[in-house]
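Because the structure is predicted, anything quoted here is derived from the model rather than measured.
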Amino acid sequence: HICSRGSARPWLKMAKRAVGILRETYSTWERRVPLCPARVKQLVSGGTPVLVQPSARRIFSDDEYAAAGATVTKDLSPADIIVGVKQVGDEDLLPNKTFFFFSHVIKGQRENMELLSKVLDRNIELIDYECLTEKGERGAKRLIAFGGYAGRAGMIDSLRGLGQRLLHRGYNTPFVSIGSAYMYPSLEQAKTAISQAGNAFAAARPLGDVFPLTFVFTGKGAVSTGAQEIFSLLPHEFVEPADLAAAKAEGDPSVLYATVVQPSDYSERKEGGDFDMDEYCTQPDLYTPQFHEKFLPDTSVLMNCMYWDPTCPRLVTNEQMSTEWIERENKRLLVLGDITCDIGGSVEFLTRSTKIEDPFFIWNPAIQETSPSDGDGVLVLGVDILPSELPRESSMHFSDLLAPMIEVMSSNAPDSELSQVLDGACIARNGSLQPRFEYISHLANHAEQPTPTDATKQVQIRGHLFDTGLINKTLDLLEALGVEFSVDTVNVQPNLGFGRQIPSRVVISVPGNRAAEVCVSLKLQLENFPHANATVVPM
């Protein structure tokens with residue numbers, strides 16, 4: 001059982017604290033580090049002891065850390081602050097410590113509830129990188145992230161896949177010599193290889209009905225920007241969304257054409273009128289998706305880099321792809337580089353994630369199933385830990401952002417702004433969930449209820465549920481009503497960092513004979529939370 005209550009932060013009580021760096025055990029391919037040797041050297045020079053668990057797998061060697069002044073040891077018990085990247089194994093969850101890592105618990109993810117229970121049982125202060133935002137506010141800009149490197153690695157891998165698909169179609173191009181991002185010793189060497197392939201492609205002046213190649217990028221955040229950075233190494237031209245079809249029909253075969261699309265480009269208001277982003281975020285059902293008609297017919301490579309909420313229409317459905325492939329006999333789409341890796345999400349035929357060592361599968365629209373690697377269909381990239389393919393550069397970037405926080409914490413220097421940031425990201429402290437994360441206990445306790453049946457009804461609550469505390473009160477109310485319920489879906493809005501907060505969404509199943517009562521009670525409660533801008537809708 002996961003309980004909750006809050007209290008003061010322990011690290012403020014101590015004068016000087018040692019820092020420990022975990023070896024990563026979550027994945028064979030996880031070679032990233034939270035603090036690189038250069039930053040460790042700065043910490044040690046400032047008087048902060050640093051302990052590093054030995055690892056022959058990580059991108060920086062034990063010798064590099066030792067040369068930076070760290071103590072290489074399996075035992076991190078002398079450390080007060082322990083930092084890692086991914087979820088921490090049982091034997092490394094030392095009691096009464098402060099931990100930083102990506103815990104993946106804020107949506108009540110069932111597979112990580114055991115980890116959270118151990119965190120609470122062992123009196124661990126857990127600070128989640130995902131929640132480190134400006135002023136500690138949910139929905140504000142994230143202060144630490146790997147997103148740009150996911151975009152870079154995803155674009156490199158997709159170009160490798162493009163070379164393979166073109167070869168399958170009978171076209172030998174320089175892209176076939178491009179490897180996955182992890183195959184290059186550095187990002188710069190990968191960029192050099194891509195530039196060389198692009199120059200050779202332009203010099204060859206390719207001919208064939210698949211040329212010129214056209215790329216569509218979704219989203220304008222760090223992921224999309226990183227992907228576009230790699231694409232721009234090739235002979236290219238960016239065009240306005242409305243000009244993509246003309247570029248396909250009239251463009252130079254030796255140039256790669258690209259456009260960047262937003263919901264306003266592929267969504268139309270059902271009742272007419274101008275597109276409104278705030279309205280689209282809160283009431284996406286008022287809009288009709290048009291991507292499959294406006295852009296899919298003219299797209300060779302779709303780089304999916306956008307945030308997607310399940311209440312929003314899909315970018316491409318299986319049926320739409322099949323219609324394009326069979327009825328319209330248009331097999332232009334060669335590659336889907338789905339960097340978001342939302343399984344069955346905005347692009348429905350991303351049916352599973354893939355591994356770094358086996359990054360692609362083929363989805364055949366004719367039968368709506370996966371096919372052998374040499375079969376007909378769209379090549380799909382679905383790697384879910386793409387930044388791990390560029391471990392050195394992504395670690396250095398991450399370390400530059402994290403180290404200043406760790407330095408302040410270890411030295412116990414007063415910093416009200418940092419305290420605010422850490423309070424917002426602290427999930428657990430002193431054996432309890434922090435107040436803003438108490439909702440996780442409800443999600444965990446109701447996550448294993450039966451799935452909806454004809455005897456149950458689903459109710460959707462949408463709005464600013466977490467930063468206002470509405471989610472806690474909602475789940476308390478359901479328990480007070482004595483209603484048996486299950487939490488079926490939790491979509492926590494992302495930290496987009498451009499001034500707009502996308503509402504969160506929770507779907508709950510309740511007994512059908514009590515659904516009306518539940519809706520009325522929840523709507524009455526909303527009157528006490530006007531800033532949540534929330535709605536309650538029976539589904």
Main-chain N/O of [Y] paired with [X] side-chain donor or acceptor, under 3.5 Å:
X	Y	value
Trp308	Thr340	no
Ser267	Ser264	no
Glu393	Leu187	yes
Thr73	Asp75	yes
Gln53	Leu22	no
Asp338	Val380	no
Ser27	Trp29	yes
Tyr439	Ile106	yes
Arg314	Gly345	yes
Ser411	Val408	yes

For atom [atom1] of [X], is the number of surrounding heavy atoms from other residues, nucleotides or ligands below 6.0 Å larger than 12?
X	atom1	result
Asp274	CG	no
Tyr26	OH	no
Lys220	NZ	no
Glu240	CD	no

First locate atom [atom1] of [X], then atom [atom2] of [Y], and finally report the distance between them rounded to the nearest 0.5 Å.
X	Y	atom1	atom2	answer
Ser353	Ile343	OG	CD1	5.0 Å
Asp62	Arg23	CG	CZ	10.5 Å
Ser103	Ile440	OG	CD1	7.0 Å
Met155	Leu233	CE	CG	10.0 Å
Thr225	Arg152	OG1	CZ	9.0 Å
Thr25	Arg57	OG1	CZ	8.0 Å

| task | Compute the ring centroids of Phe529 and His531, then answer whether they are less than 6.0 Å apart. | result | no
- prompt: Would a line drawn from the ring center of Tyr129 to the ring center of Phe398 be shorter than 6.0 Å?
  reply: yes
Shortest non-hydrogen contact between [X] and [Y], atoms and distance:
X	Y	answer
Lys135	Gln420	O-CG, 3.2 Å
Tyr280	Pro313	OH-CD, 4.1 Å
Ile156	Ala190	CD1-CB, 3.9 Å
Leu43	Ala403	CD2-O, 4.5 Å
Ile339	Met303	CD1-CE, 3.7 Å
Thr299	Phe295	OG1-O, 2.7 Å

Sub-4.5 Å side-chain heavy-atom contact between [X] and [Y]:
X	Y	value
Pro34	Val85	yes
Leu302	Thr218	yes
Asn96	Ile124	no
Thr28	Glu357	no
Tyr266	Pro289	no
Lys41	Pro37	no
Ile427	Ile127	no
Gln460	Val506	no

Start with the C-alpha distance between Glu279 and Tyr287, add both sets of side-chain angles, then the distance that settles side-chain hydrogen bond (donor to acceptor under 3.5 Å, both in side chains), and finish with yes or no. CA-CA 9 Å; Glu279 181 183 63; Tyr287 290 82; 2.5 Å; yes
Candidate pair Glu30 and Arg58, rule side chain to side chain contact (heavy atoms under 4.5 Å, CB included), full reasoning: CA-CA 7 Å; Glu30 191 51 84; Arg58 68 164 63 98; over 6 Å; no
Determine, step by step, whether Gln228 and Ser224 satisfy the side-chain hydrogen bond (donor to acceptor under 3.5 Å, both in side chains) criterion, reporting the C-alpha distance in whole Å, the side-chain angles of both residues, the deciding distance to 0.1 Å, and the verdict. CA-CA 6 Å; Gln228 291 173 52; Ser224 184; 2.8 Å; yes
In Leu386, Val335, Ile230, the residue satisfying side chain to side chain contact (heavy atoms under 4.5 Å, CB included) with Asp157 is Leu386
task = Run the salt-bridge test on Lys97 and Asp92 with the 4.0 Å N-O cut-off and return the result as yes or no.
result =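 No salt bridge links Lys97 with Asp92.
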*Salt bridge between Glu125 and Arg429, side-chain N to carboxylate O under 4.0 Å?*
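The answer is yes: the pair qualifies as a salt bridge.
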His236 and Phe238 aromatic ring geometry - parallel, tilted or perpendicular at 30°/60° bounds: perpendicular
For this session: Test Arg392 against Phe60 for side chain to side chain contact (heavy atoms under 4.5 Å, CB included), laying out the working first.
Result: CA-CA 8 Å; Arg392 183 174 297 275; Phe60 296 102; 3.1 Å; yes
*Test log, rule side-chain hydrogen bond (donor to acceptor under 3.5 Å, both in side chains), inputs Ser388 and Arg32*: CA-CA 6 Å; Ser388 297; Arg32 292 175 291 176; 3.3 Å; yes
Audit row: Ser186, Gln189, side-chain hydrogen bond (donor to acceptor under 3.5 Å, both in side chains) steps and yes/no
CA-CA 5 Å; Ser186 70; Gln189 287 173 282; 3.2 Å; yes
What's the verdict on side chain to side chain contact (heavy atoms under 4.5 Å, CB included) for Lys118 and Asp90, showing C-alpha distance, side-chain angles and the deciding distance? CA-CA 8 Å; Lys118 291 176 180 177; Asp90 179 67; 3.1 Å; yes
| query | Passes salt bridge (charged side-chain N to carboxylate O under 4.0 Å, His left out), Glu407 versus Arg39? Steps please. | reply | CA-CA 10 Å; Glu407 185 172 8; Arg39 285 297 190 171; 5.8 Å; no
Using the side chain to side chain contact (heavy atoms under 4.5 Å, CB included) rule, take Leu35 and Tyr65 through it: C-alpha gap first, then chi angles, then the decisive distance, then the call.
CA-CA 10 Å; Leu35 292 171; Tyr65 280 105; 5.5 Å; no
Worksheet entry | Under 3.5 Å side-chain donor-acceptor pair for Ser486 and Asp488 |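 There is such a pair (donor and acceptor under 3.5 Å, judged by atom type) between the side chains of Ser486 and Asp488.
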Looking only at side chains, do Arg160 and Ser180 share a donor and an acceptor under 3.5 Å apart?
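Yes, Ser180 and Arg160 have a side-chain donor paired with an acceptor closer than 3.5 Å.
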